[in-house]
Amino acid sequence: QVQLVESGGGLVQAGGSLRLSCAASGRTFNTYAMGWFRQAPGKERRFVGAIRWNDGMIDSADSVKGRFTISRDNAKKTVYLQMNSLKPEDTAVYYCAAKTTRLTLSMRGEYDSWGQGTQVTVSS
């Protein structure tokens, strides 16, 4: 099992930036990719983006392309989500997740481990 701890959420004005971090520990040796999902009140948890651990290949949702950037630090076993030009509709709880299966990066059901989530609130 992989343990994931997110940090970096908070309150920001529209147009501002935040960087989320997710530190992995435990049985990380077979992690294939790590991803970010978000869940707004009353809505389902949705894919934001993910990064493949070995080669850094990235997939991201159309709604965040050009604004959000995913990166990783292999030595620190940490993945980052840099969020720029934030909009009120980005307000949600952001979850980090890890997967071992070598399939698509965007499918929520394929992720094995989840963090506790961190709140991001963007005011207008």
Side-chain angles (χ1 to χ4, degrees):
Q1 189 74 3
V2 175
Q3 289 79 47
L4 303 171
V5 179
E6 302 104 332
S7 61
L11 173 64
V12 65
Q13 289 187 333
S17 299
L18 282 174
R19 189 176 82 153
L20 306 183
S21 300
C22 175
S25 61
R27 298 172 61 86
T28 62
F29 62 91
N30 60 347
T31 297
Y32 175 69
M34 291 180 66
W36 289 96
F37 291 77
R38 66 186 182 184
Q39 187 167 17
K43 296 188 177 181
E44 65 179 13
R45 193 172 299 185
R46 293 185 175 181
F47 175 72
V48 175
I51 187 166
R52 203 157 57 188
W53 208 245
N54 284 346
D55 61 9
M57 192 276 284
I58 292 171
D59 186 19
S60 59
D62 288 343
S63 59
V64 305
K65 283 180 179 176
R67 301 189 299 124
F68 292 10
T69 303
I70 295 175
S71 61
R72 77 198 191 292
D73 184 326
N74 289 34
K76 295 182 178 179
K77 298 182 181 179
T78 299
V79 64
Y80 304 97
L81 181 65
Q82 177 66 45
M83 304 184 294
N84 298 327
S85 301
L86 282 161
K87 304 175 182 179
E89 52 263 44
D90 294 318
T91 295
V93 177
Y94 284 70
Y95 295 90
C96 175
K99 69 193 307 285
T100 57
T101 55
R102 296 174 177 267
L103 299 171
T104 60
L105 298 183
S106 61
M107 298 299 291
R108 183 181 65 196
E110 293 179 5
Y111 284 80
D112 312 296
S113 304
W114 292 84
Q116 81 286 355
T118 185
Q119 177 71 46
V120 171
T121 303
V122 184
S123 63
S124 57

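For clarity, every value in this text was computed on a predicted model and none was experimentally measured.
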Does any N or O in the side chain of [X] come within less than 3.5 Å of the main-chain N or O of [Y], such that one atom is a donor and the other an acceptor?
X	Y	result
Thr91	Pro88	yes
Glu6	Gln116	yes
Thr118	Gly9	yes

(request) For Ser7, check side chain to side chain donor-acceptor pair (under 3.5 Å) against everything at least two apart and list the hits. (result) none
Heavy-atom pair of closest approach, residues [X] and [Y]:
X	Y	answer
Thr121	Gln119	OG1-NE2, 3.3 Å
Asn74	Arg72	OD1-NE, 2.9 Å
Arg38	Ser63	NH2-OG, 3.7 Å
Gln1	Asp112	NE2-O, 4.2 Å
Met34	Ala24	CE-CB, 4.2 Å
Glu110	Thr104	OE1-O, 2.8 Å

(message) So, applying side chain to side chain contact (heavy atoms under 4.5 Å, CB included) with Leu20, which one of Ile70, Val120, Val79 is it?
(response) Val120
To the nearest 0.5 Å, how far apart are [atom1] in [X] and [atom2] in [Y]?
X	Y	atom1	atom2	result
Ile51	Met57	CD1	CE	9.5 Å
Ser124	Gln13	OG	CD	9.5 Å
Gln3	Arg27	CD	CZ	10.5 Å

(request) Examine the side chains of Ser17 and Asn84 and answer whether a donor and an acceptor come within less than 3.5 Å of each other. (result) yes
(request) Scan side-chain atoms only and decide if Tyr32 and Arg102 contain a donor-acceptor pair under the 3.5 Å cut-off. (result) no
(request) Measure up the Phe37 and Phe47 rings against each other and bin them: parallel (under 30°), tilted (30 to 60°), perpendicular (over 60°). (result) perpendicular
Checking [X] against [Y]: charged group under 6.0 Å from the ring centre and within 45 degrees of the axis?
X	Y	answer
Arg45	Trp114	yes
Lys99	Tyr111	yes
Arg19	Tyr80	yes

(request) Begin with the C-alpha distance, continue with both residues' side-chain angles, and end with the deciding distance and a verdict on side-chain contact (heavy atoms from CB on, under 4.5 Å) for Val48 and Tyr95. (result) CA-CA 9 Å; Val48 175; Tyr95 295 90; over 6 Å; no
(request) Write out all pairs satisfying disulfide bond (SG atoms under 2.5 Å apart) with one or both partners inside residues 40-124, taking only residues at least two apart or from two chains. (result) Cys22-Cys96
(request) Could you state whether Leu4 and Trp53 fall into the same hydrophobic cluster, counting links through intermediate Ile, Leu, Val, Met, Phe, Trp or Tyr residues with side-chain heavy atoms under 4.5 angstrom apart? (result) yes
(message) Could you see if Leu81 belongs to whatever hydrophobic cluster contains Val12? Use Ile, Leu, Val, Met, Phe, Trp, Tyr and a side-chain cutoff under 4.5 Å.
(response) yes
(request) Would you please name every residue forming a side-chain contact (heavy atoms from CB on, under 4.5 Å) with Lys65, sequence neighbours left out? (result) Ser60, Asp62
(message) Counting C-beta onward and ignoring hydrogens, is there a side-chain heavy-atom pair between Met83 and Val64 closer than 4.5 Å?
(response) no
(request) Would you indicate whether the side-chain heavy atoms of Phe68 and Leu18 approach each other to under 4.5 Å? (result) no
(message) Taking the basic N atoms (NZ, or NE/NH1/NH2) and the acidic carboxylate oxygens, is any pair closer than 4.0 Å for Arg52 and Asp59?
(response) no
(request) Output, in order, the C-alpha distance, side-chain angles, deciding distance and verdict of side-chain hydrogen bond (donor to acceptor under 3.5 Å, both in side chains) for Asn30 and Thr100. (result) CA-CA 6 Å; Asn30 60 347; Thr100 57; 5.1 Å; no
